[in-house]
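We're numbering straight along the sequence, starting at 1.
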Amino acid sequence: MLANFTAASSGFLFDAASTMGSGLVVGQIGDWMPSWATPIYAISLGLLLGAVVAAAFYAVLALLSFVPPLGKLADNSTRGTVASLIVGVVVGAMLCMRFASSSDEYAQTLYLPLLLAGIVIGYAVIYGMWHRTRSEWADILSEGVVPYVLSTLGAFTLIGVLGAYYVNDPMQFIESIPQVNLISDGTVVHEVTVPGANPSVAPDEATFHAQQFDYDLRAMSELIIESDKTVMLGDGASIAEFSRKPARIDAGEQMVYRYEDRDVPPLPSDPAKLHIQNRELDAATVKFTITTVPRIPEISQAVAIGGIVFFLISALVAFRQAAPRVWALALSTAKNEMAQTLYLILLALGIFGVVFFSIYPFNTLGDDIRMFKDSSVTLIMVLAMIQAVWSAGTSVSDEIEGRTALTVLSKPVSRRSFLLGKYAGIMMSIAVMFVIIGAIFLLLMAYKPIYDARETARATPGWQIGFEEIMSTVPVLGLYFMQAMSIAAVAVALATRLPLLSNLISCLVIYVIGNLTQPLVASARGENPLVGFVGNLIAIVVPNLNIFNVQTAMDSGNQVPWIYLAASFNYLVVFAVAIWMVAMLLFEDRDLA
């Protein structure tokens, strides 16, 4: 393994040195740089869009805070909570109506995440209008883990913006942003009436009538044409003006065109050239159902990333302003854990690991990208879980044993707030680790297809390949972060009673069993009833961590659908509530003196 890595590194350095020596570096960079810079540029636009929308949104709320009834609404915590819940339920209901009311069989999994997201937005709106928030924005953006996250995302965005020099027509990406379908699904219906044919002429000689509705063929993903009479679609008023054969639609039939099928569209590219011939005596009603996507479809996913950025900023405002005591405790915990030597070592190991995996030749005959992705996300998850268990031991167990917790609880901080603050602080430090290592990982992921192509003397792949690899990796990182949240919840609960070493061993056993329970139960189904009963019992007691494990999907090369994150989040919420109840039972009667 070491010999292969040395050889790969030597080849890489020799290639770079010879390129620099020959003076062809600019030309070679020009060959592959657009394929690497374009996906980074698209994602950077999403990050920038999220930041701009958040800035505009909270600027409006800051102006509203000058209105006394609104600016002082959160002065009373009870009144602020009630108002936040009312706004949150309304926003959550609107989100559910937009995204969870489809006929998709898995759409119901979106109800809980969207409702919780609406409640977070509700708190952010009410406390964003608070007069204190208006004067504390500098502190909000500069304290705790926020500068680390903002700096990382800012550096990623800066790289993408600077890479716009190598992007082919960067303005087209910006122009595609307004074309993203946020309110609707992008479906528009046009109905036109075509006069009947003159009975004195033959059907083939009937008049082609010009139509007056606009469409963009380049942005059209699906087109369904229906007519109650037999009609012909042409691109001119007469046969002499036709540049292609007219399309025929019989009465009562449908013509379906999908861009993904690479069919020839039945409509002319210029809407002004569309003419329709009615071959029957009665007037015809022709219905065009057009579904559009942005001219660059990938920009929709970039806009979704911007939505995530906006939501995270809103969650930050809601958490800090609505629960200041828990926030202060979480902030102190996160700062303390990030200052530890172990945290810096794990962070360095993560960065070194993803860089190493990006250039290591796995010799998998075409599956190096999959191995790079699999190895990197697994490494990030393992490092995060080590940090979570260690932090729970040092910030909960040690403080209880050292009587520090008694000092904290002597202040107006309840035991419930103490555990919540510790858990939130641990997850904030892990989130920083995920963001920093993940940003570097995604930058390398965009280059990995290019690197493999150059190593095997193949043509440079298109930028869409790198973008697809990045966007297929983001859901996996989200799932593994949820798994780290589950282990951290268990570690904090056990830390109320167990010392660090016992906690570490217990979490390791729970992790192994949690990833094996579901396969064991599935394999025992229909066999020994006793084995199935024991397996199901373990599955109830031990968290089913296999729900966050997408190893099989990654090995088979399948993408993890984003809606699967919603189903996993639902399980995480239920599991977190159960662990929270267990933690409170363990901690409530713990003698701290």
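- Ring to ring, Phe242 and Phe208 are close: their centroids are under 6.0 angstrom apart.
- For the pair Arg134 and Phe66, the cation sits on the ring face: its NZ or CZ lies under 6.0 Å from the ring centre, inside 45° of the axis.
- Distance alone, capped at 3.5 Å, is enough to place a donor-acceptor pair between the Gln483 side chain and the Leu545 backbone.
- Here the options are Thr291, Asn181, Thr292, Thr289, the test is side-chain hydrogen bond (donor to acceptor under 3.5 Å, both in side chains), and the partner is Thr187; only Thr291 passes.
- Side-chain N or O atoms of Gln277 include none that pairs as donor or acceptor with a backbone N or O of His275 at under 3.5 Å.
- Here the side chain of Ser84 pairs no donor or acceptor atom with the backbone of Ile126 at under 3.5 angstrom.
- Arg244 and Pro268 make their closest contact through NH2-N, 3.1 Å (heavy atoms, listed as atom of the first residue, atom of the second, distance).
- The two atoms that bring Ser44 and Gly160 nearest to each other are OG-CA, 3.2 Å, heavy atoms only.
- Panel note: side chain Trp36, backbone Lys448; no donor-acceptor pair is recorded below 3.5 Å.
- Tyr58 has its ring centre less than 6.0 Å from the ring centre of Trp137.
- Crowding of Asp169 atom CG: a count of heavy atoms from other residues, nucleotides or ligands under 6.0 Å exceeding 12.
- Between Tyr571 and Phe575, the two ring planes are parallel [angle under 30°; tilted spans 30° to 60°].
- Aromatic pair Phe213/Tyr215: centroids less than 6.0 angstrom apart.
- Residues Met445 and Ile369 form a side-chain contact, since some pair of their non-hydrogen atoms from C-beta on lies under 4.5 Å apart.
- Contact annotation: the side chain of Ile305 approaches that of Met471 to within less than 4.5 Å [non-hydrogen atoms, C-beta and beyond].
- To the nearest 0.5 Å, the span separating CD1 on Ile40 from OG1 on Thr157 amounts to 10.5 Å.
- A pairwise comparison of heavy atoms in Val309 and Ala51 identifies CG1-N, 4.1 Å as the closest pair.
- A salt bridge is defined here as a Lys NZ or Arg NE, NH1 or NH2 lying under 4.0 Å from an Asp or Glu carboxylate O, and Lys373 with Glu469 meets this definition.
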Problem - side chain to side chain contact (heavy atoms under 4.5 Å, CB included) between Leu479 and Val560, worked out - result: CA-CA 10 Å; Leu479 286 171; Val560 179; 3.9 Å; yes

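- Residues Val125 and Phe57 are in side-chain contact: their nearest non-hydrogen atoms beyond the backbone lie under 4.5 Å apart.
- In this structure, Tyr480 contributes its side chain and Val377 its backbone to no donor-acceptor pair below 3.5 Å.
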Exercise for the section: Start with the C-alpha gap between Val354 and Leu444, add the side-chain angles, then the distance that decides, and say whether side chain to side chain contact (heavy atoms under 4.5 Å, CB included) holds. Expected result: CA-CA 8 Å; Val354 296; Leu444 295 172; 4.3 Å; yes

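- Shown here for Ala446 and Pro39, the closest heavy-atom pair between the two residues is CB-CG, 4.3 Å.
- Atom-to-atom distance recorded for Ser35:OG and Gln464:CD is 8.5 Å, nearest 0.5 angstrom.
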Practice task
Might you work through the salt bridge (Lys or Arg N to Asp or Glu O under 4.0 Å) test for Asp452 and Arg458, ending with a clear yes or no?
Solution key: CA-CA 8 Å; Asp452 287 355; Arg458 291 183 285 112; 5.5 Å; no

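- Thr473 is listed as a side-chain neighbour of Leu442, based on a closest heavy-atom distance under 4.5 Å.
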Exercise for the section: Go through the steps for Arg370 and Asp368 under the test salt bridge (Lys or Arg N to Asp or Glu O under 4.0 Å), then give the verdict. Expected result: CA-CA 5 Å; Arg370 178 181 59 79; Asp368 278 18; over 6 Å; no

Handout entry: Candidate pair Val435 and Phe156, rule side chain to side chain contact (heavy atoms under 4.5 Å, CB included), full reasoning
Key = CA-CA 11 Å; Val435 169; Phe156 191 100; over 6 Å; no

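- Counting heavy atoms from C-beta outward, Leu233 and Ile225 have side chains that approach closer than 4.5 Å.
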Practice task
Decide ring pair (Phe, Tyr, Trp, His ring centres under 6.0 Å) for Tyr451 and Trp32; before the verdict, give the C-alpha distance in whole Å, the side-chain angles of both, and the deciding distance to 0.1 Å.
Solution key: CA-CA 9 Å; Tyr451 177 81; Trp32 60 262; over 10 Å; no

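- The closest side-chain heavy-atom distance from Pro266 to Met255 is below 4.5 Å.
- Residues Tyr41 and Trp463 keep their aromatic ring centres 6.0 Å or farther apart.
- Counting all heavy atoms, side chain and backbone alike, Thr38 lies closest to Pro34 at OG1-O, 2.6 Å.
- Gln301 is listed as a side-chain neighbour of Phe467, based on a closest heavy-atom distance under 4.5 Å.
- Under the 6.0 Å cut-off for aromatic ring centres, Phe372 and Phe441 qualify, their centroids lying closer than that.
- The distance between the ring centers of Phe481 and Phe434 falls below 6.0 angstrom.
- Ion pairing between Asp216 and Arg295 holds under the 4.0 Å rule for side-chain N and carboxylate O.
- Atom NZ of Lys287 is separated from atom CD of Glu191 by 6.0 Å, given to the nearest 0.5 angstrom.
- Atoms CG and CZ, on Asn168 and Phe173 in that order, are 8.0 Å from each other to the nearest 0.5 Å.
- Asp228 places no side-chain N or O within donor-acceptor distance of the main-chain N or O of Ala284, the cut-off being under 3.5 Å.
- Without hydrogens or angle criteria, Glu205 side chain to Val201 main chain gives no donor-acceptor distance under 3.5 Å.
- Between the side chain of Thr133 and the backbone N or O of Met129, no donor-acceptor pair lies under 3.5 Å.
- Ile239 CD1: 12 or fewer foreign heavy atoms inside a 6.0 Å radius.
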Practice task
For Asp204 and Arg279, run side chain to side chain contact (heavy atoms under 4.5 Å, CB included): C-alpha distance rounded to whole Å, both residues' side-chain angles, the deciding distance at 0.1 Å, then the answer.
Solution key: CA-CA 7 Å; Asp204 290 339; Arg279 300 176 65 85; 2.7 Å; yes

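- Of all heavy-atom pairs spanning Ser314 and Ala124, the tightest one is O-CB, 3.6 Å.
- Note that CG of Leu45 is 8.5 Å distant from CG of Leu49, once rounded to the nearest 0.5 Å.
- Ion pairing of Asp250 with Lys229 is absent here, as no side-chain N (NZ or NE/NH1/NH2) approaches a carboxylate O to less than 4.0 Å.
- The distance from the CD atom of Gln108 to the SG atom of Cys96 is 12.0 Å, given to the nearest 0.5 Å.
- Using a 4.5 Å heavy-atom threshold, the side chains of Leu572 and Met485 count as touching.
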